[in-house]
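Have a look at the structure below, then the notes.
Since the structure is predicted, the reported quantities are computational estimates derived from the model, not experimental observations. Both backbone and side-chain heavy atoms feed into the values below; hydrogens, waters and symmetry mates do not. Just so we're on the same page: letters track the sequence lines, and every chain starts at 1.
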2 protein chains.
Amino acid sequence: MQVVEESAAKVNGAGLTERQSAVLESALNLLVEGGEKAVTTAGVARAANCSKESLYKWFGDRDGLLSAMIGYQAGKVRTVEVRAETLTVEGLRRHLSAFALDLLDVLSGDVSLALNRLAIGQTVRGERRGGAASGEATLGRLLEERGRRQIGRRATTLLEAGRKAGLLAFEDADEAYGTLYGLIVTDAHLRMLLGEDPRAMKKEFAGRAERAVTSFLTLYGVGAMADA
Amino acid sequence: MQVVEESAAKVNGAGLTERQSAVLESALNLLVEGGEKAVTTAGVARAANCSKESLYKWFGDRDGLLSAMIGYQAGKVRTVEVRAETLTVEGLRRHLSAFALDLLDVLSGDVSLALNRLAIGQTVRGERRGGAASGEATLGRLLEERGRRQIGRRATTLLEAGRKAGLLAFEDADEAYGTLYGLIVTDAHLRMLLGEDPRAMKKEFAGRAERAVTSFLTLYGVGAMADA
DNA sequence: AAGATTGCGTACCGTACGGTACGGTTCGGC
DNA sequence: GCCGAACCGTACCGTACGGTACGCAATCTT
């Protein structure tokens with residue numbers, strides 16, 4: 001269910017060998033291309049030129065492989081920290097727009113969509129899939145933890161900075177972020193998850209982001225901020 | 001891939017026998033309980049006390065069964081038509097709140113979540129799953145068509161009515177609906193799809209709905225409407 | 001240089017599931 | 001009262017996949 005090997009070999013970001021990372025990359029390719037059913041142990045082994053035995057040694061079992069795929073991909077996304085000081089009216093708006101576009105870009109990425117589909121497909125009503133130990137995290141949880149939580153942090157710090165600079169007014173930063181998120185994403189994410197072509201939607205991203213930011217500033221902006 | 005039988009027997013809403021509807025109901029139960037992997041042909045047959053042969057006769061193959069499940073469930077949801085005339089300020093707000101609550105209730109329903117997970121899990125990058133005929137619609141498309149499109153229609157007519165009564169101001173009704181949807185749902189739907197417990201979230205629905213409507217009226221309300 | 005470790009390739013096993021076939025039974029029409 | 005259709009229950013088949021075992025080459029250790 002999780003990575004085992006942790007030898008002294010040159011390791012990548014997490015406790016992953018270069019080789020293992022390459023294997024996960026192959027697996028992600030397969031997933032993007034053919035969905036969950038395409039990620040068979042034999043298929044991954046063939047695509048990555050490794051043996052099934054190594055797969056099981058490294059990742060425990062198929063679920064461990066899937067978890068590792070999520071962890072690996074999530075590890076690649078690094079949030080750009082925003083320098084909070086010297087926040088002007090224009091600056092805040094620009095930062096918000098940039099965030100909106102980034103968010104839409106991330107959510108519409110092939111790999112992101114594939115991983116979300118995977119995690120959602122595994123999920124069952126009561127959580128807690130067949131997996132062994134009770135301490136085992138669900139793929140959905142994992143994705144949420146390492147994915148959106150991360151990107152949400154970036155947004156909330158930005159919002160806090162805006163408030164501290166007297167440009168925004170709100171009580172609960174998380175709630176304000178929720179509103180911002182809703183204004184930006186609306187149902188676009190779900191539509192893409194259901195198969196809508198992301199390329200067709202990407203054309204609207206710029207306009208969508210602008211409108212969302214404008215609306216957000218109308219709702220939470222202070223004074224001149226709201227006129228934008 | 002689709003319903004075949006259309007005999008003279010007493011049919012339900014669509015071209016479905018009572019018996020067939022009962023079978024689909026069983027299948028939905030199984031899906032809610034155990035996710036997609038629990039919906040095996042043998043399992044459905046056992047749960048519904050029917051033979052596999054009948055399943056294949058009625059629904060063609062497993063995909064046909066899954067499609068039929070979506071169609072059947074979607075057919076049960078009937079949108080409450082809103083009488084557009086005599087729309088007052090209070091009335092519009094009440095209608096919007098009611099819509100918001102209904103939307104959240106629908107999206108957080110066990111069956112809805114299970115079906116969305118199913119459709120999303122089947123989806124692959126290029127759409128068009130292995131299924132035979134090219135005219136075959138994806139489960140995702142089907143769900144979108146019969147599900148949200150339907151509920152969206154109710155909202156847009158409400159919004160149009162509000163505009164006609166001079167209470168709302170917007171250019172594109174669909175865009176306004178998108179904003180409303182985003183304000184109401186934010187990322188709650190996705191979180192539930194990923195396994196977050198719906199019961200825990202339902203407690204916040206009322207507050208969330210109110211806030212969303214207030215924000216929406218701030219953005220699109222005319223005059224006194226926006227003060228609510 | 002000899003032994004150990006790692007890992008590839010392949011073959012193998014058990015199982016579970018999609019799909020089909022068949023015998024027996026109930027029910028409606030004539 | 002007979003015939004046929006629909007249908008249930010079960011048994012069956014082929015396959016595909018998860019997981020394990022083994023033989024052998026390459027690389028590392030001492």
Contact letters for nucleotides 12-26 of chain C, in which S counts primed atoms plus P, OP1 and OP2 and B counts the base, heavy atoms under 4.0 Å
-----SBBB-B----
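A salt bridge is absent between A:Glu204 and A:Arg211: the closest approach of a Lys/Arg side-chain nitrogen to an acidic carboxylate oxygen does not fall below 4.0 angstrom.
Smallest separation of non-hydrogen atoms from B:Leu104 and B:Phe205: O-CE1, 3.6 Å.
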What pairs of donor and acceptor atoms, side-chain ones from residues 177-185 of chain A against any protein atom, are under 3.5 angstrom apart with sequence neighbours left out?
from: A:Thr179; atom 1: OG1; to: A:Glu175; atom 2: O; distance (Å): 3.2
from: A:Thr179; atom 1: OG1; to: A:Tyr220; atom 2: OH; distance (Å): 3.2

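OP1 or OP2 of C:dG7 lies within a sub-4.0 Å distance of a side-chain N or O belonging to A:Trp58. Taking only side-chain nitrogens and oxygens, B:Ser54 never comes nearer than 4.0 Å to OP1 or OP2 of D:dC7.
Distance B:Arg46 CZ to D:dA11 C1': 15 Å, rounded to the nearest Å.
Within the 4.5 Å cutoff, side-chain heavy atoms of B:Leu113 are placed close to those of B:His189.
Taking the side chain to side chain contact (heavy atoms under 4.5 Å, CB included) definition, one finds that B:Ala173 meets it with B:Thr156, B:Glu160, B:Phe170, sequence neighbours left out.
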